[in-house]
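Notes follow the structure.
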Amino acid sequence: MSASRPRPTTFPELQPIDTLSEDEAREELAELAAAIRHHDRLYYTEAAPEISDAEYDTLRRRNAALEARFPELIRSDSPSRRIGAAPAAGFAKVTHTRPMLSLENAFDEADVRAFFAGIRNFFSRPADQALVAEDAIEVMAEPKIDGLSIGLRYEHGRLVQGATRGDGVTGEDVTANIRTLPSVPEELKGNGWPEVIEIRGEIYMERTGFFALNEERAAAGETVFANPRNAAAGSLRQLDLSITARRPLKFFAYAWGEASAPFARTHAEALTKFAAWGLAVSDRSRLCRGVDQVLAYYHDIAADRAALPYDIDGVVYKVNDLSLQERLGMVSRAPRWALAHKFPAEQAQTVLRDILISVGRQGALTPVAALEPITVGGVVVQRATLHNEDEIARKDVRIGDTVIVQRAGDVIPQIVGVVTERRPADAKPFQFPDHCPVCGSLAVREPGMVARRCTGGLICPAQAVERLKHFVARDCFDIEGLGTKHIQAFWEDGLIRRPGDIFRLDPTIIAKREGWGEVSARKLVAAIDERRRISLERFINALGIPQVGQATARLLARHYRSLAHWRAEMEAAQQPDSEARAALVDIHGIGEDMAADIIGFFAEPHNREVLDDLAREVTVLDHEGQARRTASPLAGKTIVFTGSLESMSRSEAKARAEALGANVTSSVSAKTNYVVVGADAGSKATKAASLGITLLDEAGWLALANGAGAAE
Ligand code: IVH
């Protein structure tokens, strides 16, 4: 497309994504890719943006949302894939108008006392001594949250820039990312803020959000973040803003850089103003007087550490009086008026008794260290994560080893290394299982993935409950009134073991359970009965095959059209060189590793039994496409395009064929019905001819497509 062509900047009447057809989505994705590319160039190369950051973000978010709904339509030139491409790949550099300082550290009480003594010496004039006496000096004590520091520049009360600390002098412009954080106000509230003020603070992730994120990543076979700090930094520095937006990032303000006018006399007053302006500040800050009070604060916080929702690695003390701060100034890169009092490293050594394997929701096998119980920072630790098999190998962890356990950020203990000098002669290297320890099914590790995964599917007890929950979920069987609590309870009592059991629930038994009665039990069974007829698409989604979600289920349903056909093909696909396997991989949107998961699912006898069992209970409707499409001569036909067409691009031809109910594949096989041969076609045409497949030239294709259109 030419650069001069007007681009859509906003989409005033965005159609809800749920109601978009594939064709509409495809078209919109193409428009978005062009528009975003255009605005990127204006912004990065010409420094002359035409639209606001917020409008630009809207485009990117819409693109991400469309891609999430239609993963098979992700373009090779999608803006979300443009990571690593210059110059849009990087974050612009920002030179801080005031350097972002670091803090001097104290590791024990003596260091803290020396800090106070240093201040007293600094103000040795008798007139000042009263202000800074050991028991009189006012100091603000604050938690030191372990995240990454950020400067937020507000001009006339509006957020104009967010920048990372970088090396303290130059950081990165993360304005667009920052704007996705709910705790960063776009506009300051109230009044009294200086015209220009750069608020500084920390971006962090609470532990619950961190755990959930890691769980999600582990289940998807992605590397996990070592701690909330890394998770926060990794989440903020994303070129795809939709990723940042989805991560549970928070911000709290604790300092400031440039301010066009003085706005407070003390640090405490500044924090109060920040809060009034709508910025988050710590509710654990405390104004202390003298060294003993700050030490008491330190011990209080340390005792509370595990109860805080976020990780802290110490506390920070700041001289409260800003005029004293000013006078104290800084030494090298740290202010003389502040001190970080760090918690001692929470590490301990203990013996690794065994390595256990826990099985996650999607079947990911996670190694867990079973330890000789040990107290680490006041908490007894008997289990620690070893992350994955590569980590075990990298650290050369063996059973019987003395290992260093760390409570990284308090709660998830991890093994940071081995004390090799203490390795006993009989220490045993760990053989990572290639079968699921719970159900015995094959556990496979796909290329490029860190997680090994149990292929037991619905039959693995560890996965079964989670999968049952998925089975009844909204995009699957959508059984009203059968919530996750019920699934868990019915499972525990043996009422539901596999999906088919749901359809055999006995209302008289349920009615007798605590919290149930005859009416509610009958209602549940009626809701279940209502779902005995289900579309192929929902059915496939409900099976919970790794990597197969709604979009892939739709692709499979459209391609195979009936459960019987799909199943027969997947059974045939067990042969590595089979045509059925090739045909599966050939479906646009299904890659090799996804195909392996699908085929792996059918390789498990348990899964086949579950399917047989379900077949007795439910009717899986054939995929019809749209009813009108069945009238098209292309409905259900497999078509291959080769060579270039004059009247339309290959993508358009493909889209048109699909709209008429055809399966478009890229390779020719005995199952191919038509091969459309354009200019400069190669071997596919020859192969098709040798297989006796109908060859169409462009005119023939158009006649078929248009004829089909006319028949609609
Ligand atoms: S004050 C000159 N206060 O700790 C003031 N920093 O180790 C500079 N941090 O770079 C920072 N909580 O990222 C300050 N309450 C707090 C803090 C805090 C966490 C971080 C910040 C800083 C690092 C220094």
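In this chain, residues are counted from 1 in sequence order. When a ligand or atom number is given, it counts from 1 through the structure's own listing order.
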Handout entry: Any Arg200 side-chain heavy atom under 4.5 Å of Arg98 side chain
Key = yes
Handout entry: Pro335 near ligand 1 by a heavy-atom separation under 4.0 Å
Key = yes
Handout entry: Electrostatic pair Asp146-Lys144, nearest N-O below 4.0 angstrom
Key = no
Completion exercise
Numbered in order shown, the ligand 1 atoms found under 4.0 Å of a heavy atom of Pro143 are 12 (N), 15 (N)
Handout entry: Arg153 and Glu258: CA distance, side-chain angles, deciding distance, side-chain contact (heavy atoms from CB on, under 4.5 Å) verdict
Key = CA-CA 9 Å; Arg153 189 179 175 88; Glu258 182 182 349; 2.9 Å; yes
Practice task
Just jot down the side chain to side chain contact (heavy atoms under 4.5 Å, CB included) partners of Glu391, sequence neighbours excluded, or say none.
Solution key: His387, Asn388, Arg394, Lys395
Exercise for the section: Measure Val316 to ligand 1 on non-hydrogen atoms and call it side chain, backbone, both or neither using the 4.0 Å cut-off. Expected result: side chain
Problem - ligand 1 atoms in contact with Glu142 (distance to a heavy atom under 4.0 Å) - result: 3 (N), 15 (N), 16 (C)
Practice task
Using side chain to side chain donor-acceptor pair (under 3.5 Å) as the criterion, point out the one residue from Glu202, His267, Glu142, Lys318 that pairs with Tyr254.
Solution key: Glu202
Completion exercise
Out of Tyr204, Phe252, Tyr254, the nearest non-hydrogen contact to atom 14 (C) of ligand 1 is supplied by Tyr254
Practice task
Identify the protein heavy atom lying closest to atom 5 (C) of ligand 1, giving its residue, its atom name and the separation to 0.1 Å.
Solution key: Leu103 CD2, 4.1 Å
Practice task
May I ask you to decide whether Arg423 forms a salt bridge with Asp396, counting only side-chain N to carboxylate O separations under 4.0 Å?
Solution key: yes
Exercise for the section: Identify the heavy atoms of Ala64 and Asp240 that sit nearest to each other, and give their distance. Expected result: CB-OD1, 4.4 Å
Handout entry: Arg305 with Asp311: basic N within carboxylate O range, under 4.0 Å
Key = no
Exercise for the section: Determine whether any heavy atom of Lys318 lies closer than 4.0 Å to an atom of ligand 1. Expected result: yes
Fill in the blank from the handout: For atom 19 (C) of ligand 1, the closest protein heavy atom turns out to be Ile145 O, 3.2 Å
Practice task
Provide, to 0.1 Å, the distance between atom 10 (O) of ligand 1 and the closest protein heavy atom, together with that atom's residue and name.
Solution key: Ser149 OG, 3.7 Å
Exercise for the section: Write out the residue and atom name of the closest protein heavy atom to atom 13 (O) of ligand 1, then the distance separating them to 0.1 Å. Expected result: Glu202 OE1, 2.6 Å
Practice task
Would you mind checking which non-hydrogen protein atom is closest to atom 23 (C) of ligand 1, with the distance to 0.1 Å?
Solution key: Lys144 NZ, 3.8 Å
